[in-house]
Amino acid sequence: MRELLLINNEPTPEDRGRIARAGELGLTDPLYNIDALSAKLAAFGTVTVRHYTQLRTLDSAPDAIFLSGCFTDWDRERLHETFADELALIRETTAPLFGICAGLQLIGIAFGAPLVYPGEGYEEFGFLPQTVLAQHPLLTGLSGTLHCFEHHRGQLSTVPEGFRLLASRENCRVQMLAHESRPIFGAQFHPELQNAAHRDGQRILENFFAHYVK
């Protein structure tokens, strides 16, 4: 059985990240970020959840690492300090790694891409289209347009050095990334959150495990 590490990027270890307005989109309500992601990953292996403040005590190397999103506002001015251990893990790990929403943003920060906030009132929310820009194993079996769940106010302003841009949107260019030589990937959207009409995220997760995780 695969051993999967899920890093909780909510503010505290006890915080599961309530996803507001989930019921509007045909999702379970109430719905919690960490619980939903953990349940989805459990179909692929045994999931261990660690908060980002608890990474120095890891006692084994996982078969894959997932970086969660964050449905609570974080301190934008102290991200390098707050997430120092996680940023080091992103840069140093040899395990396949997939960052989701805030997790993608932390991958960008770890590799030098600035995180920006377009302004008051900006938000991407709902099952929105993402345009595929490049062929990639993660996108096997999918069309030129994805429809995955978005819920964010910040975004990476550039593609970090060493990465390929796989998918984009007009209002948020960096939607999906893949490292050019290491098994490091990220999505600004949430592939783990799906409803009956939108299943592209499921295929992305299946492709990740099929191609990159033993």
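All figures in this text were calculated on a predicted structure; none of them were measured in a lab. Values below: every heavy atom of this structure, side chains too, minus hydrogens, waters and symmetry copies. Each residue takes its place number in the sequence, starting with 1.
With a 4.5 Å cut-off on side-chain heavy atoms, Ile109 and His80 count as touching. Using a 4.5 Å heavy-atom threshold, the side chains of His151 and Leu193 count as separate. Contact annotation: the side chain of Asp85 never approaches that of Tyr52 to less than 4.5 Å [non-hydrogen atoms, C-beta and beyond]. Between Leu205 and Phe66, some side-chain heavy-atom pair lies under the 4.5 Å cut-off. Put simply, the side chain of Pro160 reaches to within 4.5 Å of the side chain of Leu177, judged on heavy atoms. In this structure the side chain of Tyr122 reaches within 4.5 angstrom of the side chain of His152, judged on heavy atoms. The side-chain heavy atoms of Arg50 and Leu55, taken from C-beta on, include a pair separated by under 4.5 Å. Residues Arg21 and Asp29 fail the side-chain proximity criterion, which asks for heavy atoms closer than 4.5 Å.
Rounding to the nearest 0.5 Å places CD1 of Ile204 at 10.5 Å from CD of Glu192. To the nearest 0.5 angstrom, Leu67 atom CG is 10.0 Å from Phe98 atom CZ. Remark: Thr48 OG1 to Leu58 CG distance equals 9.5 Å, nearest 0.5 Å. To the nearest 0.5 Å, atoms CZ (Arg169) and CG (Leu128) are separated by 4.5 Å. Going from atom CD of Glu3 over to atom CE of Met1 covers 8.5 Å, rounded to the nearest 0.5 Å. Interatomic distance, Leu79 CG to Glu86 CD, rounded to the nearest 0.5 Å: 11.0 Å.
When all heavy atoms of Pro118 and Arg153 are compared, the pair lying nearest together is CD-O, 3.3 Å. Heavy-atom minimum distance, Pro13 versus His51: N-CD2, 3.5 Å. Minimum interatomic distance between Ala20 and Phe125 (heavy atoms only, all atoms of both residues): O-CE1, 4.0 Å. Scanning all heavy atoms of the two residues, the minimum distance from Leu156 to Gln105 falls at CD2-O, 3.7 Å. Taking every heavy atom of both residues into account, His190 and Cys101 meet most closely at NE2-CB, 3.3 Å. The minimum heavy-atom distance between Thr158 and Pro114, with the atom names listed, is OG1-CD, 3.7 Å.
In summary, of the residues considered (Leu104, Leu133, Leu139, Val132), a side-chain contact (heavy atoms from CB on, under 4.5 Å) with Met176 occurs for Leu139 alone.
Not one N or O on the side chain of Thr28 forms a donor-acceptor pair closer than 3.5 Å with the backbone of Leu31. In terms of modelled atom types and a separation under 3.5 Å, the side chain of Arg91 and the main chain of Ala110 share a donor-acceptor contact. Looking at Ser68, its side chain does come within 3.5 Å of a backbone N or O of Ile7 through a donor-acceptor pair. In terms of modelled atom types and a separation under 3.5 Å, the side chain of Asn8 and the main chain of Val49 share no donor-acceptor contact. Between the side chain of Arg182 and the backbone N or O of Thr93 there is at least one donor-acceptor pair closer than 3.5 Å. Arg173 contributes no side-chain N or O that, together with a main-chain N or O of Ser157, makes up a donor-acceptor pair within less than 3.5 Å. In this structure, the side chain of Asp63 does not engage the main chain of Arg2 through any donor-acceptor pair within 3.5 Å. A donor-acceptor distance shorter than 3.5 angstrom exists from the side chain of Thr82 to the backbone of Arg78, with no hydrogens or angles considered.
For the pair Arg18 and Asp35, the salt-bridge criterion is not met [side-chain N within less than 4.0 Å of a carboxylate O].
Counting heavy atoms of neighbouring residues, nucleotides and ligands inside a 6.0 Å radius, atom CG of Asp73 does not exceed 12 of them. No more than 12 heavy atoms of other residues, nucleotides or ligands sit less than 6.0 Å from atom CD of Glu170.
Side chains of Gln175 and Gln155: no donor on one and acceptor on the other come within 3.5 Å. Donor-acceptor pairing under 3.5 Å is lacking for the side chains of Gln130 and Asp200. For the 3.5 Å distance criterion, the side chains of Glu10 and Asn33 qualify, holding a donor opposite an acceptor.
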Could you check Phe189 against His198 for ring-ring contact (aromatic ring centres under 6.0 Å, His included), going step by step and ending with a plain yes or no? CA-CA 13 Å; Phe189 50 83; His198 302 94; over 10 Å; no

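By the 30° and 60° cut-offs, the orientation of the rings of Phe111 relative to Phe163 is perpendicular. The aromatic rings of His136 and Tyr212 sit parallel to each other, their planes meeting at less than 30°, with 60° as the upper class boundary. Between Phe209 and Phe44, the ring planes lie parallel to each other; the angle is under 30°, not in the 30° to 60° tilted range.
When hydrophobic clusters are built by joining Ile, Leu, Val, Met, Phe, Trp and Tyr residues whose side-chain heavy atoms come closer than 4.5 Å, directly or via intermediates, Leu37 is grouped together with Val213. Transitive grouping of hydrophobic side chains (ILVMFWY, heavy atoms separated by less than 4.5 Å) keeps Tyr32 and Phe149 in distinct clusters. Hydrophobic clustering (side-chain heavy atoms under 4.5 Å, transitive across Ile, Leu, Val, Met, Phe, Trp, Tyr) groups Leu87 together with Ile184. The hydrophobic cluster containing Ile19 does not contain Ile100, counting ILVMFWY residues as joined when their side-chain heavy atoms lie under 4.5 angstrom apart, directly or transitively. Taking hydrophobic clusters as Ile, Leu, Val, Met, Phe, Trp and Tyr residues chained together by side-chain heavy-atom distances below 4.5 Å, Ile107 does not share a cluster with Leu138.
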